[in-house]
Amino acid sequence: MARMIRIFDTTLRDGEQSPGASMNIEEKVLVAKQLARLEVDIIEAGFAFSSPGDFEAIRRIGQEVEGPIICSLARAKVEDIDRAWEAIKGAPKPRIHTFLSTSDIHLKYQFRMSRDQALKRAVEMVHHARGYVEDVEFSPMDATRSDVSYLCEVVEAVIEAGAGTVNIPDTVGYATPQEFGEIIRTIRTSVRGGDRTVISVHCHNDLGLAVANSLAAIHAGAGQVECTINGIGERAGNASLEEIAMGLRTRKDFYDADTHIQTEEISKTSRLVSKITGMVVQPNKAIVGANAFAHTSGIHQDGLLKEKSTYEIMRPESIGLVQSRLVMGKLSGRHAFRQELTKLGYSLSDEEINAAFDRFKRLADQKKELFEEDLEAILSEAATRVLERFSLKGLHVESGLNQVPTAIVELEVNGRVVKETGTGDGPVDAVYRTIAVITATKSRLLSYAVKAITGGTDAQGEVSVRLEEAGETVTGNGADTDIIVASAKAYLNALNKLASQLERRSELGKKVGLC
Ligand code: KIV
Ligand code: ZN
């Protein structure tokens, strides 16, 4: 029987540390619910002390997401651990994850602590966390650049203090697979209590080795692996969840290990995280890239036609990549619509279903056939919608060769309809400039991307934009069969999010006395 490896997903914590990948509270809850459908074992929902928004997201996820253990990160400080507990105490299965560096480089230059002081603090903080909750994890940060015998001393001491999981982070992505495997083997065999503790690993991808290091650690006996969807995370990212899960599933013969991951949910989870964070997945990315299952060589295609196993080591269906399924058309009714949503795993309130159904009917007028991906776009648009201060009422654009692109935009702003005309370098620029004038907003456009949701010339275009204002970064999405309309929707979605986020920041800040 294969050993079951625990999947600790840190998309909402380390993943969110990717530059520009910030998510609002509703979006984090939505991702956490999808992670629960994927059947990860643990969700690191955030770092409670770091911001009121993180605190609230962890609290909501703890109360609303069923299945996985819900965890908050905390530095090895009393105030951090207290705040982590406040955030997760409503969760049925709470965990506190506390950390302190063990490398001399970090201790000397960053923490200004001796090895003895760090060891004592780690033990005290694990005790403190155990005062709140049984499930405590400790991470010796920068473990792979630490003196191995000191590292083992710390690991032994925190186990003795009550840590049930000890996570070994390769914080700066410095380790090599052979070396990292050796460290894990040494900890497992030489540390007292190692046999009754889960040894976890957390690898960064600075040298492109995060997944290789994680798999080497599993081979050496690690029982938990920390990873993120699409490998997003600080700098070059973290180990990618989908690569580890599929690596173990496909090579069970070698690793004799597996996970509880429902791999058929991988593709959907990847799309959701990419859409919400605005971080596009590179086409050649293993498992979830657009080309991961595309065979173009004639020799390969010939082999595949004769027998799939000639060139295919995984089936696209195993990650949920099925041929776009035609789900509905113009004549489909509300009841069939609700049934399709349930099949896709969404549970919406009556009010949300009504709003999504109206959108569906409008789309069905523009597009003959609607695919699963079209419904997903409608639903994620509905689920991530925030209070709409600005909504699109009308749009007319003129552009072409030797013509100044001009937009006439009609918006409802706080209940009042305002119409304005503006010009720009191109049609999208003209629309964006005009919207900025009407809404009197000063955000900076960081990125703009457009892609087709399904095939065909009547496909919906999906636009994703990233905006920044006053230190807040948001991603906005919009879909429509007209890409200029989709662009306007994405921009307004981002502006509405920015307004909510800035307002929430000041409200939560006042509540907890941080600003
Ligand atoms: O990379 C790292 O060391 C971390 C720790 C907080 C676990 O993210
Ligand atoms: Zn990390």
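Counting starts at 1 for both ligands and their atoms, following the listed order.
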Any donor-acceptor N or O pair under 3.5 Å, side chains [X], [Y]:
X	Y	result
D374	Q460	yes
R185	T189	no
D41	H260	yes

Any idea which part of D142 is under 4.0 Å from ligand 1, heavy-atom wise: side chain, backbone, both or neither?
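Looking at D142 and ligand 1, no heavy atom falls under 4.0 Å.
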
Determine whether the side chain, the backbone, both or neither of H204 has a heavy atom under 4.0 Å from any heavy atom of ligand 1.
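Under 4.0 Å from ligand 1, H204 contributes side-chain atoms alone.
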
Numbered atoms and elements of ligand 1 in range of M141, under 4.0 angstrom, heavy atoms:
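Every atom of ligand 1 under 4.0 Å from some heavy atom of M141: 3 (O).
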
For V166, the option from I187, V198, I159 that meets side chain to side chain contact (heavy atoms under 4.5 Å, CB included)
I159

Compare all side-chain heavy atoms of H202 with those of I168 and state whether any distance is below 4.5 angstrom.
no

Which residue holds the protein heavy atom closest to atom 4 (C) of ligand 1, what is that atom called, and what is the gap in Å?
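Nearest protein contact, heavy atoms only, for atom 4 (C) of ligand 1 is H202 NE2, 3.5 Å.
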
So which protein heavy atom does atom 3 (O) of ligand 1 come closest to, and at what separation?
T171 OG1, 2.6 Å

Evaluation steps, salt bridge (charged side-chain N to carboxylate O under 4.0 Å, His left out), between R59 and E64
CA-CA 9 Å; R59 199 188 62 77; E64 294 176 31; over 6 Å; no

D256 bridged to R3 by N-O distance under 4.0 Å:
no

Backbone or side chain, does any N or O of E226 fall under 3.5 Å from an N or O of ligand 1?
no

Proximal heteroatom of H204 relative to the Zn ion (ligand 2) (N/O/S):
NE2

N/O/S atom of D14 inside 2.8 Å of the Zn ion (ligand 2), strictly under
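Yes, D14 qualifies, because one of its backbone or side-chain N, O or S atoms lies under 2.8 Å.
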
Looking at ligand 1, would R13 count as a contact under a 4.0 Å heavy-atom criterion?
yes

